[in-house]
Amino acid sequence: MIQFHNVSKTYPNGSIGLRHINLTIEEGELVVIVGSSGAGKSTLLRSINRLHDITEGDIQVGGKSITHAKDKELRRIRRDIGMIFQSFNLIKRATVLNNVLSGRVAYHSTFRTMLGMFPREDIELSLHALERVNIREKAYIRADQLSGGQQQRVSIARALAQEAKIILADEPVASLDPLTTRQVMDDLKRINQEMRITTIINLHFIDLAREYATRIIGLRAGEIVFDGSPEQATDEAFADIYGRSIRHDEMLGGEV
Amino acid sequence: MRDTRAYKPISRRIRFWLSIIVILAIYYWAFQGMHFEGVQSTTKTVMLSIINGFLHPDWSYVYIPDGEDLLRGLLDTLIISILGTFVSAILCIPFAFWASTNMSRRLTVSGSGKILLSVIRVFPEIIVAILFIKAVGPGAFAGVLALGIHSIGMLAKLYSETIESIDRGPQEALLACGANRLQVLRYAVIPQVIPQFLSYSLYRFEINIRSATTLGLVGAGGIGTPLIFALQVRNWSRVGVILLGVVILITLTDIISGKLRKRII
Amino acid sequence: MKPAVPGSGRKSPPDIQLIRGRYKRIATWLLIIVVFILCSIHIHATPYKLMTGLPQMGSLLQEMIPPDWSYIPTIWQPIMETIQIAIVGTTLGGILAIPVALLCAYNMMPNKWVSIPMRVILNLVRTIPDLLFASIFVAMFGIGPFAGMLALLFFSFGIIAKLTFESIEAIDPGPLEAMTAVGANRLQVIMFGVVPQAFPYFVSYFLYTFEVNIRAASVLGLVGAGGIGILLDRSLGLFRYDRASMIILITLVIVLAIDYGSTRIRRSLL
């Protein structure tokens, strides 16, 4: 469970990222956050694992405050939160398996991880995670040899190997083509349903949001202006979130 | 309009001729310091004996079963440059992180690192070698230490440029997994920079092997020592064979190191 | 904790690629360590030697401070000679490099029977470090700045010719075609098509080599090839470390000053 209590974020240059956010996300939900660029989607997502610090309020993850967590505690909470990025953020020269294994570092002592000696179980876990996203056979290939969609699946596998209870995905499909977009979204949905991992995704495609989400949250200028089921998120509701009518490029298109 | 057009070329022409005069004056001053006149008298006979020596290299010097020969001298030179590169490739890592702007929050930290590195760079290695000879005695070890310390200046600068150019994404990903600072370094920074580090170290090795051939001239081990002895007694056929050995050694290491560098990147 | 990925508790047979990768890594590290140790043994390098040597180094550095300021008038003339050696050596080397660079570049000299041997010669020249040249020329022509100048001449010839022919090969062929089209002969093509494009690069490499040569010239004297190095050698031989440090200090100042000036000119060129 993730709880936002009156969370605000003001950047050092004075611009406002988030404004009095109160939000509770239950276990197993697949929440899609929508909003025009600059609305604070990324800030909201990154405040959950404190990649961005908030300036006011409190965020609790699984009942523990991440806002007030000290170093070690913070890393302990982050360990349970997997993150998927728009640009994949893989180590391009390392093998796929090593990229997935890097999700395990927080489980082991610094000394052990410095030597790069992961236990057998971790390797099995990572290989099974790769199996789940159907790229087990790529385990020993360098990450930069994979296509964009495959790279994104590696980063999903990294989150799985991490045994994350929550997955945060920041525009996971923004640099993918329509076909691989669907494959990646299908993977995320399947993992969410089969393993009951709470999943929060930033998206800018409206039709994808409607198709995959169990709950849609609309942000505008750092404030929540919509919070409801996909059925409630009509075109009019989206127009309200964006403050204008929907444009063609905000639809992925294809069969829905 | 016409005024400015008439004015500009004149000031430019004055500047042009002024700089020409300055350059000519510098050259006049520089050339008269060279004492060309004192050279001619003995040149012809010396030249003949040199050419004769180079045409008949002292092949017997290549391998002497027990004693100082060309192959041992070249092996020493190779080893000095391998060890010297090795030492600096490792010693320079902390300096490189110190001098990288993206590894510390304060600019004064990386700035002071950069200044220290440029100070190290301006010290010629041969002077460093002389200082180490005074400390650990003449021989190859002094040469290794000299190369090891001197190379830090350049290698750490190249390393830090590599560190400054890395992609921040993987660091963010590791942080998000709950990794601590050291783990982020080990899994997000190091894998990105290691290939470039290796390539620069090989490049530095190519430079070091050239330096290593000269270290012996001041007594810091390697092929330079027998060379300077042969030069002192004007044993040109031995000088010839040593030079040949140096050229072959450096050419071979250049080719091998170049191939390796291509494979790494 | 229950495995988050179902089935991850199941043991699969050991992975061949994984084991191979691990052995490869261990073998590489072992090889590196063995080479390191063998090399160290060969040259009799021991941590003990370093431990006993370092305090001596410390006392030596202590003797260097403070530098002997009264030595400045004596070193002034050799310092000037150092600069002269660098200027003349770089200039003559640079002039010699121009025709060779043209002969080496494939787009200037399509005849491979000329360009390839020229490149081989150039590569051979570049294998010999400046101090080796210097010690040979000292033996040939006697102690003095002339030998140092010759050493730098060959050394800078190698660098400048290599860098210049590479930039000649990279020039835009358009102007050359235009010149040929209007009926220019080969020399005219070079004069009006190549020189305007390659000249800034040439000057930049020339200045860069000059910076390198100033450093080199300051140590040429160690083998008797003129310049400030002769005095440095003498001071070190007489254990006058305060004078040696004065020489080093002045040299550093000169090197930095010339670096600064030369870098500014190079920036304005490119």
Side-chain angles (χ1 to χ4, degrees), chain B residues 26-27 29-36 38-39 42-43 46-47 50 75-76 79-80 82-83 86 118-119 122-127 130-132 134-137 139-145 210-211 213-214 217-218 221 224 227-228 230-232 234 236 239 243 246-251 254, chain C residues 32 35-36 38-40 42-46 49-50 52-58 60-61 80-81 83-88 91 123-124 126-132 134-136 138-142 144-146 149 215-216 218-219 222-223 229 232-233 236 241 244 248 251-252 255-256 259:
Chain B
I26 289 174
Y27 275 118
W29 168 74
F31 271 91
Q32 60 149 1
M34 285 306 105
H35 312 295
F36 289 96
V39 176
T42 54
T43 314
V46 173
M47 270 303 180
I50 290 170
L75 180 67
D76 279 359
I79 284 178
I80 291 172
I82 289 175
L83 283 182
F86 208 91
S118 50
V119 168
V122 291
F123 264 91
E125 59 243 292
I126 205 90
I127 289 181
I130 291 173
L131 296 183
F132 273 114
K134 305 273 177 192
V136 299
F141 191 35
V144 169
L145 294 175
R210 287 173 166 78
S211 307
T213 59
T214 66
L217 301 175
V218 296
L227 178 68
I228 200 91
L231 283 169
Q232 273 161 5
R234 306 285 192 274
W236 291 110
V239 171
L243 275 185
V246 168
V247 167
I248 292 173
L249 175 71
I250 292 180
T251 309
D254 271 9
Chain C
I32 290 171
V35 166
F36 185 75
L38 282 182
C39 287
S40 308
H42 182 87
I43 62 157
H44 312 294
T46 54
K49 237 178 168 179
L50 191 62
T52 50
L54 281 183
Q56 246 171 308
M57 183 94 173
L60 190 150
L61 289 176
M80 288 302 123
E81 189 177 77
I83 299 173
Q84 287 171 328
I85 293 173
I87 291 176
V88 177
T91 307
N123 273 330
L124 290 185
R126 287 197 318 117
T127 56
I128 312 254
D130 44 5
L131 272 173
L132 277 199
S135 46
I136 292 165
V138 166
M140 284 183 181
F141 301 103
F146 184 72
M149 186 277 289
R215 284 153 215 250
S218 67
V219 294
L222 295 174
V223 295
L232 181 63
D233 194 37
L236 288 169
Y241 296 118
I248 293 173
T251 313
L252 292 189
V255 164
L256 287 179
D259 270 14

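FYI, side chains are in, hydrogens and waters are out, and symmetry mates aren't considered; it's all heavy atoms of this structure.
Of the possible donor and acceptor atoms, none in the side chain of B:R210 sits under 3.5 Å from a partner among the backbone N and O of C:I128. For C:Q84 (side chain) and B:Q32 (main-chain N/O), no donor-acceptor pair under 3.5 Å exists by modelled atom type.
Heavy atoms of B:W236 lying under 4.5 Å from chain C belong exclusively to its side chain. Interface remark: C:L232 contributes side-chain atoms only to the contact with chain B (heavy atom separation under 4.5 Å). Only the side chain of C:L60 has a heavy atom closer than 4.5 Å to any heavy atom of chain B. If you measure heavy-atom distances from C:I248 to chain B, the contacts under 4.5 Å come from the side chain alone. Only the side chain of B:V144 has a heavy atom closer than 4.5 Å to any heavy atom of chain C. Of the atoms belonging to C:T52, not a single heavy atom falls under 4.5 Å from chain B. The parts of C:L132 that come within reach of chain B are both its backbone and its side chain, each placing non-hydrogen atoms under 4.5 angstrom from that chain. Interface remark: C:L256 contributes side-chain atoms only to the contact with chain B (heavy atom separation under 4.5 Å). For B:L145, the part lying under 4.5 angstrom from a heavy atom of chain C is the side chain only. Of the two parts of C:L131, the backbone and the side chain both hold a non-hydrogen atom closer than 4.5 Å to a non-hydrogen atom of chain B. B:I50 touches chain C through its side chain: at least one heavy atom from C-beta onward sits under 4.5 Å away, while N, CA, C and O do not.
Inter-residue side-chain proximity for B:F141 and C:T46 is flagged as unmet; no heavy-atom pair is nearer than 4.5 Å.
Among all heavy-atom pairs drawn from B:K134 and C:L236, the shortest one is NZ-O, 3.3 Å. C:P129 and B:T213 make their closest contact through CG-OG1, 3.2 Å (heavy atoms, listed as atom of the first residue, atom of the second, distance). Residues B:V136 and C:K49 approach most closely at CG1-O, 3.9 Å, considering heavy atoms. Considering every non-hydrogen atom in both C:S218 and B:P124, the closest pair reads OG-CG, 4.4 Å. Minimum heavy-atom separation, C:T91 to B:Y27: OG1-OH, 2.7 Å. Nearest heavy-atom pair across C:V88 and B:F31 is CG1-CE2, 3.5 Å.
Qualifying side-chain contact (heavy atoms from CB on, under 4.5 Å) partners for C:A216, counting only residues two or more places apart in sequence or in other chains: C:D130, C:L152. Every residue was checked against the side chain to side chain donor-acceptor pair (under 3.5 Å) condition with C:H44, not counting sequence neighbours, and none meets it.
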**Request:** Start with the C-alpha distance between B:F86 and C:I32, add both sets of side-chain angles, then the distance that settles side-chain contact (heavy atoms from CB on, under 4.5 Å), and finish with yes or no.
**Result:** CA-CA 10 Å; B:F86 208 91; C:I32 290 171; 3.3 Å; yes

**Request:** Would you check, one step at a time, whether the test side-chain contact (heavy atoms from CB on, under 4.5 Å) holds for B:L217 with C:L222?
**Result:** CA-CA 8 Å; B:L217 301 175; C:L222 295 174; over 6 Å; no

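Note on B:I130, B:V239, B:V218, B:V246: by heavy-atom pairs under 4.5 Å with chain C, the leading option is B:I130. Annotation: maximal heavy-atom pairing with chain B below 4.5 Å, among C:L50, C:I83, C:N123, occurs at C:L50.
In this structure, B:I82 CD1 and C:S40 OG are separated by 11.0 Å, a value rounded to the nearest 0.5 Å. In this structure, OG1 on C:T251 lies 9.5 Å from CZ on B:F123, to the nearest 0.5 angstrom. Rounding to the nearest 0.5 Å places CD1 of C:I136 at 6.0 Å from CG of B:L227. Going from atom CG of B:L131 over to atom OH of C:Y241 covers 8.5 Å, rounded to the nearest 0.5 Å. C:H42 NE2 to B:L83 CG: the interatomic distance, rounded to the nearest 0.5 Å, is 10.0 Å.
The one candidate from B:V247, B:I248, B:L243 that meets the side-chain contact (heavy atoms from CB on, under 4.5 Å) condition with C:T127 is B:V247.
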